[in-house]
2 protein chains.
Amino acid sequence: MARPGRTRPATLRMIAESAGVDVSTVSRVLNGSPEEAARAASRETVASIRAWAARLDYRPNPHAKSLRTARSNLIGVLVPRLSDIVLAMIYEGIEDAAARHGWATFVMNSYDRPAEQRARAELALSRRVDGLVIGDAHSDAAFVDEMAARKVPFVLVSRHAGDHPSVTCDGYKGGRLVAEHFLQLGHQHVGVIAGESFASTGLDRTAGFVDRYRQAGVDVPAVHSAFDTAGGHEAAERLLRRHPRPTAIFAVNDFAAIGALGAVRDVGLRPGEDVAVAGFNDTPLASELPLPLTSVRSPTHEMGARALELLVSVMEGRKPVSECLDPELVVRASTLLGRPRGYGRLTERGL
Amino acid sequence: MARPGRTRPATLRMIAESAGVDVSTVSRVLNGSPEEAARAASRETVASIRAWAARLDYRPNPHAKSLRTARSNLIGVLVPRLSDIVLAMIYEGIEDAAARHGWATFVMNSYDRPAEQRARAELALSRRVDGLVIGDAHSDAAFVDEMAARKVPFVLVSRHAGDHPSVTCDGYKGGRLVAEHFLQLGHQHVGVIAGESFASTGLDRTAGFVDRYRQAGVDVPAVHSAFDTAGGHEAAERLLRRHPRPTAIFAVNDFAAIGALGAVRDVGLRPGEDVAVAGFNDTPLASELPLPLTSVRSPTHEMGARALELLVSVMEGRKPVSECLDPELVVRASTLLGRPRGYGRLTERGL
DNA sequence: CTGAAAGCGCTTACAG
DNA sequence: CTGAAAGCGCTTACAG
């Protein structure tokens, strides 16, 4: 395509001709560290080259560089869906950290469909990414095992699978925190909205919650669901039809929790009073809802940034060490309405 | 960086040697349309080349191609913030359409800070993007005017500025729809949470609302705010301190509206009953909130897709025609509680 | 300290 | 129908 009016970007050759040196000298001066530059040319030559580069507004052509070095400085990021704010925040963390390393990233939605995951990964690979951050791993690990077999450098984020390197938030612990909270409030009949059955996040959070209740001698019904409000709504309806009816529901993410609040309201009960509801992730909305939502805070931005750092160590051939970050329970009205004494005690104890 | 174990990708040369033809023939066969391929080689040669390409799992090296053709097939996308679901949905639309054209996109957050906008745009340009979709234009148009002066192919999305090509949703009309709705419900004392003063979205929506009320002989106070829940909360507090107190509030986006609902509750009033609240964008949450939110639906995904198509025409040097898509009012409980008759009438009339 | 050369993997006039 | 050549803008041994 013609770019009418756009002047051609400066090249090393143009600088070399202006400064009266060879293009290889220019490359060494402009590319390397100050020491390398000093080794490559005299002080005046270095100064002259730098001056010309600035004057001509030189920017290295990334395609030429990548072609020559077989590195793209490009990272591909796979997520279930970017319009899920949790993934968007994780991606922001990835993007921030990548920028610090001089890498560009590009994201792709897989909608959690295996065919899309593969297609998107192939696209990324055909773009010659140096590595992949995978945020949509399924717990069967089929797709990520393939990537590993092909020696593609990658890390998982948010969800873990197999024993591939990953940065996650400790969902099991988070689930236990919620169970602990519900038990302290005296709830004996509870339910879990467990999310998709292929996502380690939902599975871990559910397991932590269920295990803690089992320790207290209570069996907990768990129903799978989509991760969005509609999924939470539908799952909550099913839980609320049970006998005895649960007095508290743990949804493994905030959107499902919001759907659950809607379902509680729709069956004529008072959310937060008749039925306590807790979510997970502590998205920015949780605190601002008309009924503020109790939620387990997960460090989304940090998770993304740490995942990128982990990818660095994978790409450098170091032995990667997976990380599992700590969650934190944030108690709000959705589990406390009508129980002001409980509220006081809990906040004092730092929950 | 060494990629231990990763086999080198196939090249045109490898195919050429396997098939016993010149690399240029392979290029013509693999690149062009079927007709061009037919013109480039005999049927058997074409078949043989295709077979070898498949066998060797050939994927063109994008860096070599871009270096040679001076096109990157890369589109840069600038947004205020990707963790704003509205922008995330617009981006999904852009991404979808770009994929159909065989383009890759990468997004960057500017956080609506001019310095970041420039820095991110420079980054994109240094990556040699073929074009830019700008979702964070400020109404002063300073930054986008610069881009235009530099002949960078770009389009605006979501917000317009100057007379640069853009795809937006008709905010003025949307604001009028809400005003109409409030007037029908009998609200004489209303207020607007107007969003950031630099964003055409908030300005247009506010103007439409204010103008319609002015026609009815009512002056409407408008306060600027951040676009998030906290901003809406704070702005609503200011509106609620006025005398007479507004009985209805229009927030120019759903998150601000949710913040407003929280503020109404915090001053001891009943959201939706004592104070009606309407938002804008009809994000997926709106319908699932414990108090379902009246909101103006904007076609976010479509806006993104149309913006990408518009960018195509800009890049092809055609005269771009800006688009302004139609909004639609979706009435829910947040403006109807305690007014069931109004509800019936309004839904019958298709509002 | 500096240069000359080769080559990364493509595309595309030019020639036959 | 097919080939040979040039060149996109870099980097990096190799030489001096």
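First the proteins, then the strands, lettered A, B, ... as listed; each starts at 1. Below, each value reflects all heavy atoms present in this structure, side chains not excepted, and no hydrogens, waters or symmetry copies.
Judged as a salt bridge (charged side-chain N to carboxylate O under 4.0 Å, His left out), and not counting sequence neighbours, the contacts of B:Arg159 are B:Asp112. Every ring pair (Phe, Tyr, Trp, His ring centres under 6.0 Å) that B:Trp103 has, sequence neighbours left out, goes to B:His101. For B:Tyr91, there are no ring pair (Phe, Tyr, Trp, His ring centres under 6.0 Å) partners, not counting sequence neighbours. In this structure, the side-chain contact (heavy atoms from CB on, under 4.5 Å) partners of B:Glu116, at least two apart in sequence or on a different chain, are B:Ser110, B:Arg113, B:Arg120. Taking B:Glu92 as the reference, A:Arg81 meet the salt bridge (charged side-chain N to carboxylate O under 4.0 Å, His left out) condition, with sequence neighbours excluded. The side-chain hydrogen bond (donor to acceptor under 3.5 Å, both in side chains) search around B:Ser313 returns none, not counting sequence neighbours. Partners of B:Asp57 by salt bridge (charged side-chain N to carboxylate O under 4.0 Å, His left out), not counting sequence neighbours, listed by chain and number: B:Arg59.
Residues from residues 24-31 of chain A placing a heavy atom under 4.0 Å of any atom in DNA chain D, listed by number, are A:Ser24, A:Ser27, A:Arg28, A:Asn31.
Nucleic acid contact class of B:Ala41 (heavy atoms, under 4.0 Å, all strands): sugar-phosphate only.
The 5' end of DNA chain D is approached more closely, in terms of each residue's nearest nucleotide, by B:Arg39 than by the other of B:Arg39 and A:Leu67. When each of B:Lys65 and A:Thr45 is assigned the nucleotide of DNA chain C with its nearest heavy atom, A:Thr45 is the one assigned upstream, toward the 5' end.
A salt bridge is defined here as a Lys NZ or Arg NE, NH1 or NH2 lying under 4.0 Å from an Asp or Glu carboxylate O, and B:Arg150 with B:Glu122 meets this definition.
Counting only Watson-Crick and G-U wobble pairs whose two distances sit under 3.5 Å, DNA chain D takes part in these stems of three or more pairs: C:1-3 with D:14-16, C:5-12 with D:5-12, C:14-16 with D:1-3.
Interface limits on DNA chain C: the 5'-most and 3'-most nucleotides within less than 4.0 Å of chain A heavy atoms are C:dC1 to C:dG9.
Judged as a ring-ring contact (aromatic ring centres under 6.0 Å, His included), not a single pair has a partner in residues 8-29 of chain B (not counting sequence neighbours). Contacts classified as ring-ring contact (aromatic ring centres under 6.0 Å, His included) and involving residues 124-157 of chain A (residues at least two apart or in different chains) are given here: A:His138-A:Phe198, A:Phe154-A:His164.
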